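Here the structure comes first, spelled out in structure tokens, and everything after it is commentary.
Ligands are counted one by one from 1 in listed order, and the atoms in each one are counted from 1 as well. Fair warning: this is a prediction, and the values are worked out from it, not measured in the lab.
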Amino acid sequence: MRTRHERKVELISAEGEKQRALQAANRPPEAICGCTHHLAKHDKQGKCHEVVQTPTAWDGDKKPLSYEARPCNCQQYIGPRPLETLYAEDIVDLS
Ligand SMILES: [Zn+2]
Ligand SMILES: [Zn+2]
């Protein structure tokens with residue numbers, strides 16, 4: 001009885017693994033750069049144009065006290081590059 005039950009559990013989890021693998025394969029990779037910004041924020045040269053809040057002052061515990069909006073200093077997009085059509089869809093999603 002015990003063995004049968006364990007076998008069933010094994011089967012179910014194997015089925016779940018297969019589902020997950022299938023879903024992962026169908027999903028296009030997120031076009032997110034190492035700077036955490038989307039591919040759409042990068043120009044054709046790969047430079048990122050997103051604005052980031054950069055700390056400009058810290059307290060004694062190294063906790064930021066104030067922030068300043070600065071352009072992201074990323075010079076090259078390094079994330080996955082989806083197909084051109086998927087890329088266009090992503091831009092629509094963002095707006
Ligand atoms: Zn970047
Ligand atoms: Zn960036």
Would you say His49 has an N, O or S atom lying under 2.8 Å from the Zn ion (ligand 2)?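 Of the N, O and S atoms in His49, none lies under 2.8 Å from the Zn ion (ligand 2), which means no.
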
Return the minimal non-hydrogen interatomic distance between Tyr77 and Cys74, and the atom names on each side.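 That closest heavy-atom pairing would be N-SG, 4.5 Å.
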
Minimal non-hydrogen separation, Ile78 against Cys33, with atom names: N-SG, 3.6 Å

Between CD of Glu50 and CG of Asn73, what distance do you get to the nearest 0.5 Å?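 It comes to 13.0 Å.
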
His37 N/O/S atom closer than 2.8 Å to the Zn ion (ligand 1):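 Looking at His37, which is the residue asked about, there is no N, O or S atom under 2.8 Å from the Zn ion (ligand 1).
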
Looking at the Zn ion (ligand 1), is there an N, O or S atom belonging to His42 that lies under 2.8 Å away from it? yes

Distance-only, no hydrogens or angles: does the Asp43 side chain make a donor-acceptor pair with backbone N or O of Gln45 under 3.5 Å? yes

With the Zn ion (ligand 2) at the center, what angle do SG from Cys35 and SG from Cys48 span, rounded to 10 degrees?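 About 120° at the Zn ion (ligand 2).
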
